[in-house]
Amino acid sequence: MKAKFPSLPMAARQLLWLAAIALLALPAHAQTNTEATPPGNTLNAISLSRGNNDSQVIKLVFKNPVAGLPIAFTTSNPHRLVLDFPATSSNLPRASESPDNATIKNWQVARAGERTRVVVNLTGPAAYELRHDRNVVLAVLRSAGVPPGIPTPARFEAASPASTHAIRDIDFRRGKDGESRIMVTLSNPGVGVDIKQQGGAIQLEFLNTSLPTPLQRRLDVADFATPAQLVETFKQGKNTRMLITPKGKWDYSAYQAGNQFTLEVRSLEGPQAAKEGRAQYSGEKLSLNFQNVEVRAVLQVIADFTGLNIITSDTVSGNVTLRLKDVPWDQALDIILRAKGLDKRTNGNVIWIAPRDELAAKEKLELEAKKSLAELDALITHSYRLNYVKANEIMNLISGGSRMANNVAEDATCSPSASSIRAVDAGTQNTAQQNAQTNNPNRILSARGGASFDLTTNTLIVTDTPDRHTAIANVIKEIDVPSKQVLIEARIVVADDKFGRSLGARLGFSGSGKIGNTGLGAGTFSTSAVNATTGLPASAPSANVDLGGLTLSGSNAPSSLGISIFNASTAAILSLELQAMELDKRGKIVSNPRVVTTNLRPAVILQGEQIPYASASANTGTNVQFKDALLCLLVAPQVLNNDAIILNVEVQKDAKGETVPGAGPAINVKRVKTQIRVNNGETAVLGGIFEQTLRNDTEKVPFLGDIPVLGRLFRNDVKQDEKSELLIFLTPRVLVEDEPLRR
C-alpha cells in the first residue's frame, strides 16, 4: 500500500487523497494473494432525494444485483461518509457532483484497482443507515442538527437489524489505565445499538433485543475505582436499555467486534488523565461499520485513511464484523488485530501485520542470527580513563554487578574516639564479583569479553566486540559524573523558664516560773541559763515550730528575718524568724552544627567534653573514668532525581547534670534518630520535647495554720512553675558546582 502524501498538511492530503486512489493501484502482496479478476458489477447512477423526517437519501444504481452492503466508514474531521464497493467499476459521466443541499456538500467517485469508492462530504455530523434491494443501494443520512465543531453524542446502529435479538451476558472490567469497560455479549453481530448521553449518564439502547431475567439488575461498580459508578440494565418495550452513571469529567467510546459489544468510559481528570496519550491513542477519529468483511479489506481502509504502507503477511485471512464510532484510527487498528489474533511491527511509515506466533518466530530467528554474528565478530581492546567513579566499580557494573554507595570499611559514629578510613581490597572483591556475574542477564560484556582495571590511573581496560564497546561507552557517559554535595545544617534549641516562691516561719519560746511551790517551764532553757551580768539568756531558744522556707532547685538558702522578745524578770524569751525566697530564671541554648558530605556518604561532626570521675574498686583502688557529654550531628543523605533529599539523621545534645555522691556526675541526654524527606533548601522540624512542672505545696500545724493572719506563723508555702523545651531543626541544601559554603 502506498503512502498518500504523508508530508503534506492534513487539508492538502485530503484533497489529493481521492486522486491518488484513482491513479495508483495497490501492490498485490499488500492486498490479497488471489489473482485480479475483472469487476463483476458497474455503478451506473447516483441521485439524491428527500426522505422522511428531513432525512437525505442517496440512491446508487448498479448494472447487476448487489450481493451485499458495501464497506462503510465515516470520518469526523472533516465529516465524511465513505462507501467501498469491491469488484465494481464506475460508468458515471462525472467523478464528482455538488448538489444544493444543507446536509451534503458534494460526493466524489474514484476507481482504485478492482473497487469503486464513493466519498460523501457532509456539512456536519450525521447518522447513516444502509439498505439494498436488488441492484439499488440506499444511504439514508440524518443530520445531527449541531453546528460544526461541536461534538455530538456517539450513536451507531446495525445496517440491517434482524427482527429479534437477545443479550447473552453483561460483564464489567477495569482497564489497565483505570477506565471503565462494560462488555455485552449479543446473540448475533446484527443487533442495532443506539448510544447517546442522557444528562449525566450514558444511555445504550439495544434495538429489538430481549433481556433475560437474571441480567435485569443494577450493578454498583464504585469499588473498582473507575469513572463508572452504576450500571443499570432493564427492559424498555421491545428494546433493552442500559444506563451507565459516571462521576467527574469523562469521555467514552464504543466498538463492537463480532457479537461482543464494548463501551469504555475514561476519566478526564486525575493522574491517569495526565499520562502521555490519555487513551494511549492519538490518531484521527473515524467510524467503521463492517459486516462479515474480509480483514484485508478492513486493513485497506485503515491504510487509505492514514496514508501509511500496511503490509500483510500471506497467512492473514478471514472475515471480521466490526462497528466503531468516533474511535482513533490507531485504536481501531489494535481492535482489529486483537479480534483476529494478529500483531504489528512499525518501521517509519510502514506497518507489517502478521499473526503473533509468526512475528515472534521471525524475531527469534533474527536474534539467533545476530547472536551467531556476534560470536564471529573481532575483539577490540580499549581503555577508558575515568574521572569521578573508580574503575573497579565500573567493572562491577559492566560485569552484571552493582556499584556500592560506600567503598570504605567503616561508617561514621558519634564516638569521640578518632578512627581511620581503611579502603576495601578492591582487587580481590571485584575479581570475585566479576567471576560470579559471568552468566548474569544484566551483564553488558559479551560472553567472550573481559575487563580489568588500574586504580593508580583510574583506568578501565575492556576487550570486547565493537557493539559492546559502544554500550560500555554509553554507560560510562551516564555514570562517570560528579556526585552531588550536600550541606546539612542543624539547629538545636534548648530553652527553660523557671519560677519559684517559698515562704515560711520558725517560732521558738523558752521560759520558767512557779505557781505556789510548783515550778513550771517551757522550751529548752532553765533560769540557770541566764547571763548574770546582763540578765539575758545565754542563747536563743530552739524552734518549737520549725516551718521555715525551703531551698528551691538551683538556688541558695532562703533569706531570713528574725526577732526575739525577752522578759528578764521571768527569764522568758520569744524568738520569731521569717524565711522567704523567690526564684526567676530564663535561659536559651542554641547549637548550630553544620557538615558537608557526598550523596549517600555518612558524615559526623561533634563537639563536647569528657567529664572525669573517680570510681573505687577493691582490686584496683581508685580509678579515673570519663563520661561523654557531646553535641553530635550524624547524617547520611540521599539526593533524589527531583532534588528532594532523604536523610538518615541522628542528633545528640548531652550536657553535664547534677553530681551524685559516690557515683559521679549525671548526664542529661537529649537525642533524636529518624529518617525524613525534605526538599532542597527547606527546613524541617525533626521533633521537640516540652515539659512543664507546676507545684503548690503547703506544710502547716493543724488548726493553728488555718487561723487568719496569725496562721502564717504556723505554715510553709512553696510555689513552683518550671518549663523546658527542646526543638531540633534541619536544613539540607544541595551545593552546585564550585559554590562556596555560606556562613
Side-chain angles (χ1 to χ4, degrees), residues 493-513 521-527 529-531 534-590 655-663 665-668 670 689-726:
V493 181
V494 180
D496 58 16
D497 185 355
K498 296 182 179 180
F499 175 80
R501 178 181 295 165
S502 175
L503 182 62
R506 303 177 67 184
L507 181 63
F509 172 76
S510 176
S512 63
T524 58
F525 298 99
S526 63
T527 54
V530 178
N531 189 297
T534 62
L536 297 176
S539 61
S542 60
N544 302 105
V545 179
D546 189 357
L547 293 173
L550 301 179
T551 301
L552 300 176
S553 175
S555 66
N556 299 318
S559 302
S560 61
L561 174 64
I563 183 173
S564 297
I565 301 175
F566 173 69
N567 189 331
S569 62
T570 60
I573 184 171
L574 177 64
S575 176
L576 176 63
E577 181 180 357
L578 297 179
Q579 292 184 337
M581 168 171 280
E582 184 169 301
L583 176 70
D584 192 358
K585 289 186 176 182
R586 291 183 177 88
K588 181 170 68 174
I589 301 174
V590 179
K656 180 180 179 181
E658 296 181 357
T659 300
V660 180
I667 302 298
N668 297 329
K670 300 177 179 67
I689 299 175
F690 177 79
E691 289 183 301
Q692 184 176 16
T693 302
L694 292 174
R695 295 188 65 86
N696 274 311
D697 299 332
T698 300
E699 297 179 2
K700 62 182 178 180
V701 177
F703 180 71
L704 296 179
D706 297 328
I707 299 175
V709 182
L710 292 178
R712 175 63 65 183
L713 302 177
F714 299 96
R715 72 171 180 262
N716 174 22
D717 294 328
V718 178
K719 180 178 181 181
Q720 286 182 298
D721 185 0
E722 297 183 0
K723 302 175 184 176
S724 64
E725 187 171 11
L726 170 67

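Residue Gln692 qualifies as enclosed at atom CD: its count of foreign heavy atoms under 6.0 Å is above 12. Enclosure of atom CD1 in Ile689 is not indicated, since only 12 or fewer non-hydrogen atoms of other residues, nucleotides or ligands lie within 6.0 angstrom. Heavy-atom neighbours of Phe703 CZ from other residues, nucleotides or ligands within 6.0 Å: at or below the threshold of 12.
Annotation for Lys656 and Pro665: closest pair CE-CB, 4.0 Å, computed over non-hydrogen atoms. The minimum heavy-atom distance between Asn668 and Gly657, with the atom names listed, is ND2-CA, 3.6 Å. Of all heavy-atom pairs between Asp584 and Asp497, the closest is OD1-OD1, 4.3 Å. Residues Ser502 and Asn716 come closest through the heavy atom pair OG-OD1, 4.1 Å.
Here Glu691 contributes atom CD and Glu725 contributes atom CD; the two are 10.5 Å apart, rounded to the nearest 0.5 Å. Remark: Arg715 CZ to Leu704 CG distance equals 11.5 Å, nearest 0.5 Å. Once rounded to the nearest 0.5 Å, the distance linking CG of Asn696 with CD of Gln720 reads 9.5 Å.
Ion pairing between a basic and an acidic side chain is recognised when a charged N comes within 4.0 Å of a carboxylate O; Asp496 and Lys585 show no such pairing. With respect to the salt-bridge test (charged N to carboxylate O, under 4.0 angstrom), the residues Asp721 and Lys719 do not qualify.
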